[in-house]
Amino acid sequence: MVRFVNVTKIYPGQTKPSLQGINLEIDRGEFVFIVGPSGAGKSTLTRLIYREELPTSGQVWVGGINVAKLKRSQVPYFRRTLGVVFQDFKLLPDRTVFENVAFALEVTDASRREILRRVPAALELVGMRDKANQRAQELSGGEQQRVAVARAIVRNPSLVIADEPTGNLDPENAWQIMRLLLNINQMGTTVIVATHAREMVDALRKRVVALENGTIVRDEERGVYGYA
Amino acid sequence: MVRFVNVTKIYPGQTKPSLQGINLEIDRGEFVFIVGPSGAGKSTLTRLIYREELPTSGQVWVGGINVAKLKRSQVPYFRRTLGVVFQDFKLLPDRTVFENVAFALEVTDASRREILRRVPAALELVGMRDKANQRAQELSGGEQQRVAVARAIVRNPSLVIADEPTGNLDPENAWQIMRLLLNINQMGTTVIVATHAREMVDALRKRVVALENGTIVRDEERGVYGYA
Amino acid sequence: MLRSWAQALRQAVQSITRSGLMSLASLATVSVSLLVLAVVACVAVNLNLMARELESQLEIRAFLRDGVNPAARQALIEQIQALEGVRSVTFISKEEGLAMMRERLGEQRWILEELEENPLPDSLKIELADPHQVVAVAEKVAAFPQVEKVRYGQGVAEKLLAVTRAIRIAGLAMVLLLMVATVFTLANTIRLAVEARRREIAIMKLVGATDWFIRRPFVMAGILLGMVGAALAAGLVYMGYQYLVRFLVTNLPFVPVAPPAELMQPLGSGLLALGALLGMVGSWISLRRYLRV
Amino acid sequence: MLRSWAQALRQAVQSITRSGLMSLASLATVSVSLLVLAVVACVAVNLNLMARELESQLEIRAFLRDGVNPAARQALIEQIQALEGVRSVTFISKEEGLAMMRERLGEQRWILEELEENPLPDSLKIELADPHQVVAVAEKVAAFPQVEKVRYGQGVAEKLLAVTRAIRIAGLAMVLLLMVATVFTLANTIRLAVEARRREIAIMKLVGATDWFIRRPFVMAGILLGMVGAALAAGLVYMGYQYLVRFLVTNLPFVPVAPPAELMQPLGSGLLALGALLGMVGSWISLRRYLRV
Ligand SMILES: Nc1ncnc2c1ncn2[C@@H]1O[C@H](COP(=O)(O)OP(=O)(O)OP(=O)(O)O)[C@@H](O)[C@H]1O
Ligand SMILES: Nc1ncnc2c1ncn2[C@@H]1O[C@H](COP(=O)(O)OP(=O)(O)OP(=O)(O)O)[C@@H](O)[C@H]1O
Ligand SMILES: [Mg+2]
Ligand SMILES: [Mg+2]
């Protein structure tokens with residue numbers, strides 16, 4: 001599903017690579033945690049997958065596609081096959097919760113009926129259905145995070161990438177989101193989660209890829225968080 | 001230092017109060033955790049302290065001042081006595097790390113020499129001195145959070161309010177920030193931390209104020225996080 | 001497809017009404033620009049009209065020798081009419097000549113009241129098809145033996161032609177300059193609107209919106225703004241021009257003016273089309289660099 | 001205090017150069033607005049000048065009866081000079097009258113060449129201190145027994161005055177309208193700049209910046225933009241006006257124009273001051289609602 005071949009990423013204007021010599025293969029249907037200290041390159045790795053950034057060298061393959069080779073006009077259609085939870089949420093502050101989630105469907109020219117069927121269901125799953133008409137800027141940090149998760153899953157993508165999806169959540173809500181991701185994983189969706197949530201990583205014993213200073217230092221099936 | 005008297009907060013356009021009947025007293029030199037599920041009202045409580053929001057009813061006293069009674073022209077001088085870490089960081093994305101921290105001093109018309117003395121020291125404390133010239137928008141989530149902490153402490157405030165200061169950090173960096181807050185608390189600064197970091201709350205056994213649905217449900221000296 | 005256009009229109013209207021103040025500002029800018037443009041166009045059209053009128057008054061007057069009989073006169077007229085560049089030749093008897101002079105002098109016709117007899121000779125009025133040939137034609141006419149003298153305002157002719165040309169060039173330059181300024185203002189107005197939604201655009205791209213999907217409401221908003229601004233400008237110009245024409249016709253009846261109805265109809269539709277075009281091009285350009293995510 | 005002003009200036013320049021494109025847009029807008037303003041001002045000044053010239057040409061001509069001897073004439077001149085509203089009285093002999101007419105007719109002076117004897121009587125040219133009194137003075141002059149006829153372009157006088165007044169009012173209205181449009185455009189330009197930094201302003205407030213601290217760089221930037229825009233406009237107008245004057249003096253020497261040096265010096269400093277003022281007021285206004293955090 002996702003394959004990194006010798007990927008190095010140096011942001012423009014930087015000298016130190018944020019990722020270096022990454023080789024990684026994630027199969028369809030896997031559930032993978034990306035862990036590592038702050039600044040290790042976790043977000044950069046996810047950005048390469050949904051092509052917010054292009055690799056400086058090496059190749060990134062997603063679902064059989066070399067993302068660097070995608071034509072500009074094909075990028076939107078590629079991104080529609082993914083669900084992404086951004087570390088900074090990336091919600092539209094002056095739109096309502098409903099509109100923010102419906103947004104992901106509207107850009108695909110989905111029908112009104114489909115929007116009215118799917119959005120409430122997604123909001124229900126993250127426990128935000130009763131706040132559907134509140135504007136994003138009026139939400140608490142954790143509520144925004146849950147809306148971001150709802151938007152990522154509303155299109156039923158075959159790959160979900162979640163960058164720190166529980167950072168602003170209390171343990172109970174955090175577990176609920178994680179259970180949600182496990183559920184959709186069980187239904188066949190590939191899930192990649194970058195996280196600092198040690199307790200959860202340790203409890204779930206899923207595959208763990210550990211980054212440090214831009215390189216993979218550990219890649220274990222049924223791994224643990226493994227930091228102090 | 002901080003006193004809430006019967007405080008209720010209803011945001012404009014909302015019907016359900018985000019805080020209701022809050023009575024709370026925090027003494028000079030205390031270290032207090034505010035805990036509670038997502039949407040419980042933790043951020044709202046901190047916003048009332050630094051007067052980003054005004055209480056709908058009741059009074060908020062900070063350092064002997066009734067914040068609702070402050071004249072518009074006095075608000076800046078009041079805020080300069082506080083250090084705040086915002087849940088969404090509130091950094092200036094196109095300024096460098098140094099400029100973002102220096103900013104808090106510049107608004108007080110501090111001298112160039114003082115800025116050059118204090119800013120690097122603060123960046124050193126949060127481990128961001130080597131990224132001083134990188135722009136905020138080019139930082140990882142955890143790096144941004146550390147810069148936000150540096151900005152909050154650079155003015156040596158008598159009260160520090162931190163909203164989720166470790167949400168985007170790996171455990172090691174999280175502990176470093178927490179130790180930093182404990183340190184400045186030991187030097188006499190009052191510290192209020194809203195957090196979901198159960199492990200740290202449980203380990204430190206400081207005073208814990210628990211919010212649920214906008215009301216205080218628990219207030220213990222040497223408390224624990226106390227949620228699932 | 002139709003549905004999505006309707007949706008884009010709704011979004012455009014929404015985005016215009018939502019950012020009320022900013023849209024008002026854009027509207028005002030577009031209106032002011034197009035208004036100036038329209039005013040310049042009106043001035044240019046009328047100056048042009050005046051220049052044409054002045055040019056058309058460039059006529060040659062040939063004074064006949066005493067005693068040229070009607071037959072010889074008729075022959076002369078036909079010969080002159082055959083010259084290249086001549087549109088018409090009219091005979092003016094000495095009496096008609098005096099009457100015309102009296103009229104032309106207007107309030108100062110008392111000069112002629114003192115005359116005891118008509119000092120004017122018979123003459124021919126020669127109107128030209130091409131005012132630029134005035135000198136050539138005049139020389140040929142002067143060569144006929146029946147003609148005593150030729151008058152065509154030597155010197156004045158050249159000056160008048162120079163002024164006419166200058167007026168046309170200046171008018172065109174002004175219109176072009178203002179066109180560019182208008183495009184610039186409009187593009188920047190929309191670019192500022194885009195700037196304000198930069199974050200939103202970046203997010204749209206990241207969740208898989210096509211460039212066209214993102215562009216649509218902006219382009220629609222641009223067109224709408226351009227057209228509403230144009231309509232405002234057209235309305236103002238129409239009112240102002242009508243007032244001006246009424247004033248001129250009453251007070252300076254000898255100044256030629258383009259009739260409002262005739263001028264305003266093409267100007268109005270031109271402004272609307274221009275507004276729409278400018279809005280579209282402006283928004284299209286403005287979005288270019290924001291779509292690269 | 002001084003240091004912080006210098007810092008604000010640095011910040012203003014920084015903010016202008018950093019947001020390069022947006023600043024360019026503002027500059028262009030300000031320049032275009034002030035340019036139009038300046039053009040209108042130039043036109044108004046010159047129309048005014050023309051109107052004044054036309055007004056000053058409103059003179060009364062009193063034709064004397066045959067046989068008024070020099071002594072009686074002198075007495076009459078003194079009596080007329082004593083009338084209210086009269087500036088000067090000049091005797092014009094019949095020969096001078098004919099010469100003047102010849103000159104006035106210019107290229108058409110051939111009309112007079114046909115005359116065998118001078119048909120004109122002696123006359124007096126009466127210039128007025130106040131052109132509005134032309135009718136009253138003319139009636140009084142006509143009452144003198146030595147005067148046969150009085151001419152002052154009845155009807156033309158009233159019309160000319162009406163046109164003059166209309167030109168002045170229209171010019172003033174246009175200048176005022178454009179002033180408002182300029183203020184509007186400038187304020188909105190700065191408001192958009194503020195809008196783009198809304199987040200930054202909110203953060204500044206939250207970390208304890210005073211309103212004045214936040215306002216300073218914007219106000220400075222506004223003043224700078226206003227002044228640079230004004231300078232551009234002034235430069236363009238100066239060049240254009242000089243060219244125009246040279247053209248007019250060469251081609252239409254009888255049209256009165258204000259000399260460039262005399263007009264441009266006050267206009268230039270006026271534009272600069274206006275630009276600075278507009279920028280300051282505009283930025284001040286624009287910031288009002290963003291400071292409430
Ligand atoms: N600006 C606002 N306008 C309207 N409602 C708001 C606003 N900010 C917060 N709220 C609502 O008030 C309630 C409390 O929000 P608050 O941000 O204080 O929660 P919190 O305890 O900080 O949650 P989290 O842990 O998720 O950050 C929430 O239900 C939220 O939706
Ligand atoms: N746009 C950018 N331009 C330049 N440097 C960047 C940019 N984004 C990230 N970096 C740098 O690349 C490195 C890796 O960043 P990344 O965001 O991938 O870290 P992370 O593992 O997600 O950290 P965190 O857990 O704090 O979110 C960091 O040192 C960061 O400063
Ligand atoms: Mg990250
Ligand atoms: Mg919060």
Side-chain angles (χ1 to χ4, degrees), chain A residues 11-14 16 18 35-44 47 86-89 91 93 126-128 130-131 133-135 137-146 163-164 166-177 194-199 201-202 210-212 225-228, chain B residues 11-14 16 18 35-44 47 86-89 91 93 126-128 130-131 133-135 137-146 163-164 166-177 194-199 201-202 210-212 225-228:
Chain A
Y11 284 102
Q14 303 300 114
K16 203 172 140 277
S18 295
V35 302
S38 164
K42 302 180 294 298
S43 297
T44 302
R47 275 182 214 135
F86 302 93
Q87 189 166 11
D88 55 354
F89 316 151
L91 300 177
V126 300
M128 286 295 296
D130 55 329
K131 302 227 170 194
N133 293 317
Q134 205 160 323
R135 297 218 224 168
Q137 68 196 358
E138 296 171 347
L139 296 177
S140 81
E143 288 163 348
Q144 289 183 37
Q145 195 152 47
R146 286 185 273 163
D163 194 357
E164 203 69 54
T166 61
N168 283 270
L169 292 177
D170 55 287
E172 190 174 331
N173 271 302
W175 270 110
Q176 194 186 321
I177 293 296
T195 187
H196 295 302
R198 171 166 49 184
E199 284 181 53
V201 175
D202 288 351
L211 285 175
E212 263 174 51
Y225 185 80
Y227 291 94
Chain B
Y11 284 101
Q14 303 299 116
K16 200 171 142 279
S18 294
V35 301
S38 166
K42 305 180 292 299
S43 298
T44 304
R47 276 182 214 134
F86 302 93
Q87 189 167 10
D88 54 356
F89 316 152
L91 300 177
V126 299
M128 286 295 294
D130 55 328
K131 301 228 168 193
N133 293 317
Q134 205 160 324
R135 295 217 224 172
Q137 67 196 1
E138 297 171 348
L139 297 176
S140 80
E143 288 163 350
Q144 288 183 38
Q145 194 154 48
R146 288 185 271 164
D163 195 357
E164 203 71 49
T166 61
N168 283 271
L169 292 177
D170 55 286
E172 190 175 332
N173 270 303
W175 270 109
Q176 194 186 323
I177 293 296
T195 188
H196 295 302
R198 172 167 49 183
E199 285 181 50
V201 175
D202 288 351
L211 285 174
E212 264 175 49
Y225 185 80
Y227 291 93

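Between the CD atom of B:Gln134 and the OH atom of A:Tyr11 there is a distance of 10.0 Å, given to the nearest 0.5 Å. The line from CZ of B:Arg198 to CD of A:Glu172 is 10.5 Å long, rounded to the nearest 0.5 Å. In this structure, the separation between CD on B:Glu138 and CD on A:Gln14 is 5.5 Å, given to the nearest 0.5 Å.
Proximity to chain B is absent for every atom of A:Gln145, based on heavy atoms less than 4.5 angstrom apart. Residue contact with chain A, scored on non-hydrogen atoms closer than 4.5 Å, involves the side chain of B:Glu164 exclusively. Proximity to chain A (any heavy atom under 4.5 Å) is shown, for B:Asp88, by neither the backbone nor the side chain.
The most heavy-atom pairs under 4.5 Å with chain A, out of B:Gly13, B:Gly142, B:Ser38, B:Ser140, come from B:Ser38. Highest contact tally toward chain B, considering only A:Asn173, A:Thr44, A:Asn168, is held by A:Asn168 [criterion: heavy-atom pairs under 4.5 Å].
The backbone N or O of B:Gly167 sits nowhere less than 3.5 Å from a side-chain atom of A:His196 that would complete a donor-acceptor pair.
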